[in-house]
Q: 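This is the structure I have questions about; it appears just below.
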Number of protein chains: 2
Amino acid sequence: MTAPHTGPALAAPNLGAAVSALRARGFRVSSARRLVLESLYGAGEPLSAERIAGGLEGRFPVSDLASVYRNLETLEELGLVRHFHLGHGPGLYAPAGEEKEYLLCESCHELRAVDPSELDGARTLIQEELGFRARFTHFPIVGLCPACEGSA
Amino acid sequence: MTAPHTGPALAAPNLGAAVSALRARGFRVSSARRLVLESLYGAGEPLSAERIAGGLEGRFPVSDLASVYRNLETLEELGLVRHFHLGHGPGLYAPAGEEKEYLLCESCHELRAVDPSELDGARTLIQEELGFRARFTHFPIVGLCPACEGSA
DNA sequence: TTAAATGCAAAGCTTTTGCAATACT
DNA sequence: AGTATTGCAAAAGCTTTGCATTTAA
């Protein structure tokens with residue numbers, strides 16, 4: 001928690017840039033920390049801490065879960081990583097940047113990832129009507145998918 | 001979990017109606033179960049299971065946490081109760097019906113409850129554009145409140 | 001009477017914390 | 001060399017489960 005430096009969010013487009021950002025801010029690049037970044041950038045999908053610590057089914061060495069959590073926290077404070085929740089399971093982590101927003105059907109539990117631009121209409125409307133700048137990135141939008149809405 | 005009857009959701013406007021609904025469906029009205037309902041209808045605000053079991057600061061007798069959870073689950077399956085999450089804390093429970101939807105500022109953590117009608121514009125737009133019927137009742141909409149949006 | 005529901009204890013799952021040992025810079 | 005970071009172990013916070021006992025109907 002006591003970090004050499006803490007500043008505003010910055011997203012890195014790839015592993016190398018993330019490592020540079022760490023060094024530039026005075027953070028060490030330990031093997032455990034590098035492993036977390038490699039997993040996140042290598043997976044191409046959001047990961048749970050457990051999955052990262054487990055080595056991503058053989059693609060990476062197994063590592064300590066507590067350290068993974070600590071690194072994810074550090075990386076998130078730095079703005080290199082974000083986490084979100086899709087339901088009652090563990091939190092999911094991904095490199096900051098290429099955010100997706102999620103629609104979760106409360107009936108059939110189908111999960112649909114959409115590009116933020118697809119929700120810009122709603123975002124604008126909410127901002128105009130309520131003054132609130134919505135980011136649907138931390139929790140999914142829960143509701144009924146077209147199929148379940150139809151049969152309701 | 002093995003219930004005498006399970007059917008579609010029904011909201012009850014008050015304690016008496018909820019008790020009747022229970023009986024009508026063949027569920028027993030035990031003192032523990034009644035206590036959960038009394039707390040939920042009496043509080044006027046969403047409650048955690050822990051708070052219900054704790055007797056709501058003296059307003060009700062202390063009861064068993066596991067039973068509270070089991071009853072909340074039963075009542076939710078029946079459609080008399082719903083639960084939602086506002087952040088990383090425990091789930092919150094309230095009588096079904098008078099739903100609120102929540103806006104949570106990710107910067108100052110201000111929580112704003114809004115009437116569902118205030119989000120109907122956005123709901124309609126999302127339905128038109130994505131075919132998805134959004135209910136912002138299980139997770140809050142996370143983003144920036146007017147004040148924090150202004151200073152960003 | 002009898003099966004639903006309780007109360008207690010224990011465990012499960014996710015995340016956090018304390019601390020001595022290690023390793024990055 | 002000095003301190004950020006690790007690895008291990010233990011605990012914390014929320015929720016679920018097993019089971020013998022109680023109780024509503």
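Per chain, numbering begins at 1; letters A, B, ... match sequence-line order. All of these numbers come straight from a predicted model, not from anything done at the bench.
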Q: Are B:Leu22 and B:Leu80 packed together at the side-chain level, in the sense that at least one heavy-atom pair is separated by less than 4.5 angstrom?
A: yes
Q: Quick one: are A:Val81 and A:Leu40 in side-chain contact, heavy atoms under 4.5 Å?
A: yes
Q: Do A:Leu47 and A:Leu56 have side chains that approach each other closer than 4.5 Å (heavy atoms only, starting at C-beta)?
A: yes
Q: Specify whether B:Phe139 and A:Phe139 have parallel, tilted or perpendicular ring planes, treating 30° as the upper limit for parallel and 60° as the lower limit for perpendicular.
A: parallel
Q: Exactly one of A:Arg82, A:Arg135, A:Arg133 should register a salt bridge (charged side-chain N to carboxylate O under 4.0 Å, His left out) with B:Glu106. Which one does?
A: A:Arg135
Q: Hey, could you give me the CG/CD distance between B:Leu119 and B:Glu101, rounded to the nearest 0.5 Å?
A: 5.0 Å
Q: Nearest-Å distance, NE2 (B:His83) to C1' (D:dT16)?
A: 14 Å
Q: If you assign each of B:His88 and B:Val29 to its closest nucleotide in DNA chain C, which residue comes earlier from the 5' end?
A: B:Val29
Q: Under 4.0 Å between a side-chain nitrogen and a carboxylate oxygen: does that hold for B:Glu118 and B:Arg123?
A: no
Q: Check the distance between D:dA4's P and A:Arg25's CZ and give it to me in whole angstrom.
A: 17 Å
Q: NE2 of A:His85 versus P of D:dC14: gap in Å, rounded?
A: 14 Å
Q: Heavy-atom nearest nucleotide on DNA chain C for A:Tyr69 versus A:Arg23: which residue maps closer to 5'?
A: A:Tyr69
Q: If you find the nucleotide of DNA chain D closest to B:Gly89 and the one closest to B:Ser67, which residue's nucleotide is nearer the 5' end?
A: B:Gly89
Q: Using a distance-only criterion (donor-acceptor N/O pair, under 3.5 Å, no hydrogens), is the base of C:dA4 paired with the side chain of B:Arg28?
A: yes
Q: Enumerate the residues from residues 49-66 of chain B whose closest heavy atom to DNA chain D is under 4.0 Å, giving them by residue number; use none for an empty result.
A: B:Leu65, B:Ala66
Q: Between atom CG in A:Asn71 and atom P in C:dT15, what is the gap in whole Å?
A: 15 Å
Q: Hey, do the aromatic rings of B:Phe84 and B:Tyr93 have their centres closer than 6.0 Å?
A: no
Q: So, is B:Arg70 near the phosphate of C:dT6, with a side-chain N or O under 4.0 Å from OP1 or OP2?
A: no
Q: Under 4.5 Å between any side-chain heavy atoms of B:Leu103 and A:Leu130, yes or no?
A: yes
Q: Starting at atom CG of A:Leu75, determine the distance to atom C1' of D:dT5, rounded to an integer number of angstrom.
A: 13 Å
Q: If I take atom CZ in residue B:Phe84 and atom C1' in nucleotide D:dC14, what distance separates them, rounded to the nearest angstrom?
A: 16 Å
Q: Please report the end-to-end axis angle for the helix from C:dT1-D:dA25 to C:dT25-D:dA1, five pairs per end, rounded to 10 degrees.
A: 30°
Q: Rounded to the Å, how far apart are B:Leu22 CG and C:dA4 P?
A: 15 Å
Q: For the aromatic rings, using the six-membered ring if either is Trp, is the centroid distance between B:His88 and B:His109 under 6.0 Å?
A: no
Q: Using 4.0 Å as the upper bound for N to carboxylate O, is an ion pair formed by A:Glu57 and A:Arg51?
A: yes
Q: Counting only non-hydrogen atoms, which of residues 30-39 of chain B are less than 4.0 Å from DNA chain C?
A: B:Ser30, B:Ala32, B:Arg33
Q: Does the ring center of A:His85 lie less than 6.0 Å from the ring center of B:His85?
A: no
